[in-house]
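For reference, the structure is listed below as structure tokens.
In what follows, chains are A, B, ... by sequence order, proteins preceding strands, each numbered from 1.
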2 protein chains.
Amino acid sequence: MVKNPAKSQLMFDALYTYIENKSSMKLSDDERKLVEESFKPKKLRKRQYFLQEGDVCKYMGFVIKGSSRMFSVDQRGNEHVIRLGLENWWIGDYESYKLLTPARFNIEVLEDTELLLVTNEQMQQLMDRIPAVAAMVKAMDERGAIATQQRMHAAISLTAEERYENLAKTYPMFLQRFPQNVIASYLGISAETLSRIRKNAYQK
Amino acid sequence: MVKNPAKSQLMFDALYTYIENKSSMKLSDDERKLVEESFKPKKLRKRQYFLQEGDVCKYMGFVIKGSSRMFSVDQRGNEHVIRLGLENWWIGDYESYKLLTPARFNIEVLEDTELLLVTNEQMQQLMDRIPAVAAMVKAMDERGAIATQQRMHAAISLTAEERYENLAKTYPMFLQRFPQNVIASYLGISAETLSRIRKNAYQK
DNA sequence: ATCTAATCTTGACATTTATCAAGACTACAA
DNA sequence: TTGTAGTCTTGATAAATGTCAAGATTAGAT
């Protein structure tokens, strides 16, 4: 199934490194093998969808390369970006993945993207069998909880301009990698308002 | 130290029930004893602070009885409610608790409140020794991640009126237990705007 | 029961942000 | 290189929400 074993190996190396870093533990060769057997490589071309609203999100994807946005579409047809994804991040609708409910969100990749996919059951097995994976998931959950609390705080407490400055400080790479209309949606403002905020900031 | 053993026992019963429900596991008598030795009962009177900005949040508190709000104060002196707490919820600044950094938030109880306190280290030990506690924490983390994603979505995607209706559906008890100015702050709007939204909704 | 402080409502007005429309700029495919 | 679609900027205007101030209502304390 894997067309290019050499390249695929590089993809897994990125995942091993990630697990070892997040867990502060080493993976044995056997454990690496287990991981490799559980994750499925997947490529998506620019503009393709990783997930469509209404489908069940069967997989979480570990991003080897590429960028993506998770968004909802409201009644008026406006899109709202909930999350952005880059290399070494996970993408997926967590609620749908965990509960196997229809996803509320769409996930579209914005550049050609390489992923490693894993189901919830596979992940549970890996956590049971590999301490480093269990530790990684725990560390991720903690970081995730902290990050969302911070973002919640920003969303409620800050003005649009402050939210932009906050983003520029916290995730400067976002401004490099994502077009402005996507950033605007992530901040919960219109593209025009962001354009004006940037103009103001520049003049200061 | 405990002034009223009989009453204190009732407090722990609430916690045991909570752990058993969340984990879908039973606690043995020995395990209950371990839990009881780790948690410290605490009472706060209306308006007292559980945590003040700048202090380290040494404890997470499991709420037996009472209500609380976690909020930040911005440069202009405006308060922003990040989280609300009721019976059978946990309160605390998770970031400060985990990383032992100064808290960004204040937590004030709005009614006379009874809590059970636990430090991060104690919690880690309990998780290591009691499978039900480990399972409870995992279940809580998952629920928490899902709930925050939903709230994030609401904050970014919905209008003020839609956010209020969403809250009324999701947490109707909030509207019973918290004054409107607190609810308004939780929704990220002014008390006046919430008052007008309610007037509108009533007229429909 | 009365007083006081807190909460809630309402109106007038200010500010922020969205919306719509047009044109400028950019990137990429043919 | 040119054309085309996507992106970004700018202006005019509309809509949503905030701010301030005053009065009404409610809850608690004495």
Side-chain angles (χ1 to χ4, degrees), chain A residues 45-48 67 69 71-81 84 108-112 154-168 174-204, chain B residues 45-48 66-69 71 73-81 84 108-113 154-168 174-204:
Chain A
R45 303 200 36 223
K46 188 175 178 167
R47 307 268 159 141
Q48 278 188 305
S67 58
R69 66 181 181 123
F71 65 99
S72 65
V73 181
D74 68 22
Q75 294 122 339
R76 284 146 273 172
N78 293 327
E79 297 180 356
H80 303 277
V81 173
L84 296 173
E108 181 198 24
V109 307
L110 300 171
E111 303 170 344
D112 291 355
I156 291 180
S157 311
L158 306 182
T159 64
E161 181 161 357
E162 288 166 340
R163 292 205 296 282
Y164 175 71
E165 279 157 16
N166 181 250
L167 181 69
F174 280 8
L175 306 186
Q176 311 303 320
R177 294 286 292 278
F178 295 98
Q180 262 177 232
N181 54 14
V182 171
I183 297 286
S185 180
Y186 182 78
L187 292 171
I189 60 182
S190 70
E192 293 93 333
T193 296
L194 179 55
S195 175
R196 291 180 179 117
I197 284 171
R198 284 166 52 93
K199 192 179 164 192
N200 268 342
Y202 179 73
Q203 285 171 349
K204 281 182 190 164
Chain B
R45 303 203 32 226
K46 190 173 177 170
R47 307 267 159 139
Q48 278 189 305
S67 60
S68 58
R69 65 182 181 124
F71 65 99
V73 181
D74 67 24
Q75 296 123 337
R76 284 146 273 168
N78 294 326
E79 298 180 355
H80 304 277
V81 173
L84 296 173
E108 180 197 25
V109 306
L110 301 172
E111 305 170 344
D112 291 355
T113 292
I156 291 180
S157 310
L158 305 183
T159 64
E161 182 162 355
E162 289 166 339
R163 292 205 295 283
Y164 175 71
E165 279 158 15
N166 181 249
L167 180 69
F174 281 8
L175 305 186
Q176 310 303 321
R177 293 288 292 277
F178 296 97
Q180 263 177 232
N181 55 12
V182 170
I183 296 287
S185 179
Y186 182 79
L187 293 171
I189 60 181
S190 70
E192 292 93 334
T193 296
L194 179 55
S195 176
R196 290 178 181 120
I197 285 170
R198 284 166 53 92
K199 192 178 163 193
N200 268 343
Y202 180 73
Q203 286 172 349
K204 281 180 190 167

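The separation between B:Arg163 atom CZ and D:dA16 atom C1' is 11 Å, rounded to whole Å. Between B:Glu192 atom CD and C:dA12 atom C1' there is a gap of 13 Å when expressed in whole angstrom units. Put simply, CZ on A:Arg198 is 11 Å from P on D:dT10, counting in whole angstrom units. When rounded to the nearest whole Å, the span between CD1 of B:Ile197 and C1' of D:dA15 equals 14 Å. In this structure, A:Glu161 places its CD atom 13 Å from C1' of C:dT17, rounding to the nearest Å. In this structure, A:Leu110 atom CG and C:dC28 atom C1' are separated by 17 Å, rounded to whole Å. The nearest whole Å value for the distance from the CZ atom in A:Arg76 to the P atom in C:dA18 is 12 Å. Taking atom CG of A:Asn200 as the reference point, atom P of D:dT9 lies 12 Å away to the nearest angstrom.
Using a 4.0 Å cut-off on heavy atoms, the residues of residues 180-191 of chain A that approach DNA chain C are A:Gly188, A:Ile189, A:Ser190, listed by number.
Axis angle between the ends of the helix from C:dA1-D:dT30 to C:dA30-D:dT1, five pairs each and rounded to 10 degrees, works out to 50°.
Interatomic distance, CD1 of B:Ile183 versus CZ of B:Arg163, reported as 13.0 Å (0.5 Å rounding). Rounded to the nearest 0.5 Å, atoms NE2 (A:His80) and OG (A:Ser72) are 5.5 Å apart. One distance of note links CG of A:Asp112 with NZ of A:Lys46; it measures 8.0 Å at 0.5 Å rounding.
A:Asp74 is not listed as a side-chain neighbour of B:Ser157, based on a closest heavy-atom distance of 4.5 Å or more. By the 4.5 Å heavy-atom criterion applied to side chains, B:Arg198 and B:Leu194 are counted as neighbours. Between B:Ile189 and B:Ile197 the shortest side-chain heavy-atom distance falls below 4.5 Å. Looking only at side-chain heavy atoms (C-beta outward), B:Tyr164 and B:Leu158 stay at 4.5 Å or farther from each other.
Set against C:dT7, C:dT17, D:dT10, the side chain of B:Pro179 has C:dT7 as its closest nucleotide.
Taking only side-chain nitrogens and oxygens, B:Lys199 comes nearer than 4.0 Å to OP1 or OP2 of C:dT10. Between C:dT17 and A:Thr193, no contact under 4.0 Å exists linking OP1 or OP2 to a side-chain N or O.
In this structure, A:Arg47 reaches the sugar-phosphate backbone alone: every heavy-atom distance under 4.0 Å involves primed, P, OP1 or OP2 atoms, never a base.
In terms of position on DNA chain C, the residue among A:Leu194 and A:Lys46 whose nearest nucleotide sits closer to the 5' end is A:Leu194.
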Using the rule given for side chain to side chain contact (heavy atoms under 4.5 Å, CB included), can you reason through A:Glu79 versus A:Glu108, listing the C-alpha separation, both sets of side-chain angles and the distance that settles it, and then say yes or no?
CA-CA 12 Å; A:Glu79 297 180 356; A:Glu108 181 198 24; over 6 Å; no
Audit row: A:Phe178, A:Tyr186, side chain to side chain contact (heavy atoms under 4.5 Å, CB included) steps and yes/no
CA-CA 10 Å; A:Phe178 295 98; A:Tyr186 182 78; over 6 Å; no
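Side chain A:Arg196 to base D:dG11: a donor-acceptor pair is found below 3.5 Å.
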